[in-house]
Visitor: 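Quick one: the structure is below, questions incoming.
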Amino acid sequence: MSFVVAKGLTRNYDLSEPLIVRALTMRPKRILTAVDNVNFSIEKGTTYALVGESGSGKSTIAKMAVGLLKPSAGTLIMDGKNLNDPALARNEQLALRRRIQMVFQSPYASLNPRWRVGDIIAEPIKAFGLIDGTKAQFMRVSELLEQVGLASSDANKYPHEFSGGQRQRISIARALSSQPEVIVCDEPTSALDVSVQAQVLNLLKALQKEYALTYLFITHDLAVVSTMANKIGVLNKGKLVEEQSPTGLFSRPQQDYTKMLLNSAPSINFG
Ligand code: ADP
Ligand code: MG
């Protein structure tokens, strides 16, 4: 079995008006199926990219993958373990969550502005009880900062003292701090300048190689996936409509929706 498997993954949002309004107006419930019976699998140490327009359900899948959101149906399986198994004990759930971390789109919104960078990065280490003692935690934070191309002295600074690209490096250090095997990257470079984007992507690639990380890489930017992905899944209105290797997708797109995405991408250069 593949390292990560999504099986019939489905998520509904209830967009209904309040019950009282519905009772008075006789209007029915409105349910949006944001993610609709999605299946994919990711081999260990590879990158699976999910592409689709805004609103296609990408972030909803990311949130389900890291446990921020429960599927309405279906499940995610990592290393043979069902992440949504209701029978899992709290400590088993926590142990699985440690192994799958997330890097968010906005390096501005995702870092607590009132915390020092060292505390931001150390938080998962403490939450999962990975390293005891302030000194040892400090050493680990220094090591993580250096791994993402920052200085250990940056631990004392606050997020606002960094550029967007550096903040995303901090987010990556934080995601790495629990020594995960899977990282979900939700548009990790779309808030960054193009020149900085490439540096962050190169860092992610280098880390993947070093730690055999498995990536679920989410983007609306096809130029990004051409250099990152081993396999690409195309999401349209919550449904996975096509899945191919990057070369296959760019040379022989099967769906009109995929062709439309390719045509609207500004420039694609193959890696
Ligand atoms: P993407 O990341 O591809 O832009 P999302 O997963 O954020 O897509 O959203 C998919 C659909 O679900 C959109 O139509 C969005 O409006 C809707 N949606 C997302 N989050 C919520 C929510 N908390 N409540 C209601 N609808 C939501
Ligand atoms: Mg999104």
Side-chain angles (χ1 to χ4, degrees), residues 4 6-19 21-22 27-40 42 47-76 83-84 100-111 164 167-168 171-172 174-175 182-192 197 200-201 204 215-226 228-229 231-244 249 253 255-266:
V4 176
K7 246 190 187 167
L9 201 58
T10 301
R11 172 69 199 204
N12 301 319
Y13 291 115
D14 189 345
L15 305 180
S16 309
E17 295 157 298
L19 180 61
V21 178
R22 277 191 286 123
R27 283 199 284 263
K29 271 195 152 194
R30 283 197 303 138
I31 305 292
L32 169 73
T33 303
V35 173
D36 193 354
N37 193 18
V38 165
N39 299 288
F40 58 80
I42 319 177
T47 299
Y48 188 96
L50 272 176
V51 301
E53 290 175 296
S54 175
S56 56
K58 304 184 298 296
S59 292
T60 302
I61 291 178
K63 287 176 194 154
M64 289 191 280
V66 298
L68 291 172
L69 210 57
K70 275 204 169 75
S72 307
T75 190
L76 271 143
L83 293 175
N84 303 106
I100 176 162
Q101 293 295 315
M102 180 147 166
V103 174
F104 294 88
Q105 171 169 9
S106 168
Y108 299 92
S110 60
L111 303 176
R167 286 187 209 206
Q168 210 51 316
S171 306
I172 293 167
R174 180 186 153 91
V182 181
I183 300 187
V184 179
C185 303
D186 189 2
E187 310 245 18
T189 62
S190 55
L192 306 176
Q197 279 186 12
V200 172
L201 293 176
L204 287 169
Y215 288 151
L216 175 58
F217 194 96
I218 289 171
T219 181
H220 66 273
D221 185 346
L222 283 158
V224 165
V225 295
S226 65
M228 283 299 289
K231 215 194 266 181
I232 303 173
V234 180
L235 263 189
N236 181 12
K237 298 198 180 81
K239 286 197 165 76
L240 198 71
V241 294
E242 176 159 1
E243 186 181 77
Q244 291 217 55
L249 192 89
Q255 301 289 324
D256 287 342
Y257 179 75
T258 310
K259 290 174 194 163
M260 186 275 293
L261 282 182
L262 287 166
N263 288 333
S264 58

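Hydrogens, waters and symmetry mates play no part in the numbers below; they use all other heavy atoms, side chains included. Sequential numbering from 1 along the given sequence is applied to the chain's residues. In each ligand, atom 1 is the first atom listed, and ligand 1 is the first ligand listed. What you see is a predicted model, and the numbers here were worked out from it, not measured in a lab.
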Visitor: Mind checking side chain to side chain donor-acceptor pair (under 3.5 Å) for Thr219 and listing every partner two or more places apart, or none if nothing turns up?
Guide: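 Listed in chain order: nothing, the list is empty.
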Visitor: Nearest to atom 10 (C) of ligand 1, what protein heavy atom do you find, and at what distance?
Guide: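 Scanning the protein heavy atoms, the shortest distance from atom 10 (C) of ligand 1 goes to Gly55 O, 3.4 Å.
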Visitor: Could you tell me, atom by atom, which parts of ligand 1 come under 4.0 Å of a heavy atom of Ser54?
Guide: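 It comes down to these atoms of ligand 1: 4 (O).
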Visitor: Locate the shortest heavy-atom distance separating Ala65 from Leu76; write the atom from each residue and the value.
Guide: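 Closest pair (atom of Ala65, atom of Leu76, distance): CA-CD1, 3.4 Å.
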Visitor: In sequence, state the C-alpha distance, the side-chain angles, and the governing distance for Gln255 and Val234, and then conclude on side-chain contact (heavy atoms from CB on, under 4.5 Å).
Guide: CA-CA 9 Å; Gln255 301 289 324; Val234 180; over 6 Å; no
Visitor: Is any side-chain heavy atom of Tyr215 closer than 4.5 Å to one of Ile183?
Guide: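 Yes; the side chains approach each other to less than 4.5 Å.
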Visitor: Kindly write out the residues that satisfy side chain to side chain contact (heavy atoms under 4.5 Å, CB included) with Asn37, not counting sequence neighbours, or none if the list is empty.
Guide: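 Thr10, Asn39.
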Visitor: For the Mg ion (ligand 2), which protein N/O/S atoms are closer than 2.8 Å?
Guide: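 Per the 2.8 Å query on the Mg ion (ligand 2), atoms found are Ser59 OG.
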Visitor: Output all residues satisfying side chain to side chain contact (heavy atoms under 4.5 Å, CB included) with Asp36, sequence neighbours left out; order by chain, then residue number.
Guide: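 Partners of Asp36 by the side chain to side chain contact (heavy atoms under 4.5 Å, CB included) criterion, ordered by chain and then number, come out as Thr33, Lys239.
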Visitor: Heavy-atom contacts with Glu53 under 4.0 Å: which atoms of ligand 1 show up? List them by number with element.
Guide: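 By the 4.0 Å cutoff, the relevant atoms are 3 (O).
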Visitor: Is any side-chain heavy atom of Arg11 closer than 4.5 Å to a side-chain heavy atom of Ser72?
Guide: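 Counting from C-beta outward, Arg11 and Ser72 do come under 4.5 Å.
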Visitor: Minimum heavy-atom separation for Ala191 and Gln105, please, with both atom names.
Guide: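 Looking at all heavy atoms of both residues, the shortest contact is CB-O, 4.1 Å.
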Visitor: Using a 4.0 Å heavy-atom cut-off, which part of His220 comes near ligand 1: side chain, backbone, both, or neither?
Guide: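 For His220, no heavy atom sits under 4.0 Å from ligand 1.
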Visitor: Heavy-atom distance under 4.5 Å between the side chains of Ile61 and Leu235, does that happen here?
Guide: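 Contact flag for Ile61/Leu235 side chains = yes.
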Visitor: Would you indicate which of Ile218, Thr60, Leu15, Leu32 comes nearest to atom 14 (O) of ligand 1 when only heavy atoms are counted?
Guide: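 Looking at heavy atoms only, Leu32 sits closest to atom 14 (O) of ligand 1.
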Visitor: Output the list of atoms in ligand 1 that are nearer than 4.0 Å to some heavy atom of Ser59, sorted by atom number.
Guide: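 Reading through ligand 1 atom by atom, the close ones are 1 (P), 2 (O), 6 (O), 7 (O).
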Visitor: Quick test: of every protein heavy atom, which one is nearest to atom 24 (N) of ligand 1, and how far off is it to 0.1 Å?
Guide: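 Here the nearest protein heavy atom works out to Tyr13 CD2, 3.6 Å.
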Visitor: Do Thr258 and Asn236 have side chains that get closer than 4.5 Å, going by heavy atoms?
Guide: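 Of all side-chain heavy-atom pairs linking Asn236 with Thr258, none is under 4.5 Å.
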Visitor: Under 4.0 Å from atom 6 (O) of ligand 1, do we find at least one protein heavy atom?
Guide: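 Yes, there is one.
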Visitor: So which heavy atom in the protein is nearest atom 8 (O) of ligand 1, and how far is it from that ligand atom?
Guide: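 Residue, atom and distance for the closest contact: Gly57 N, 3.2 Å.
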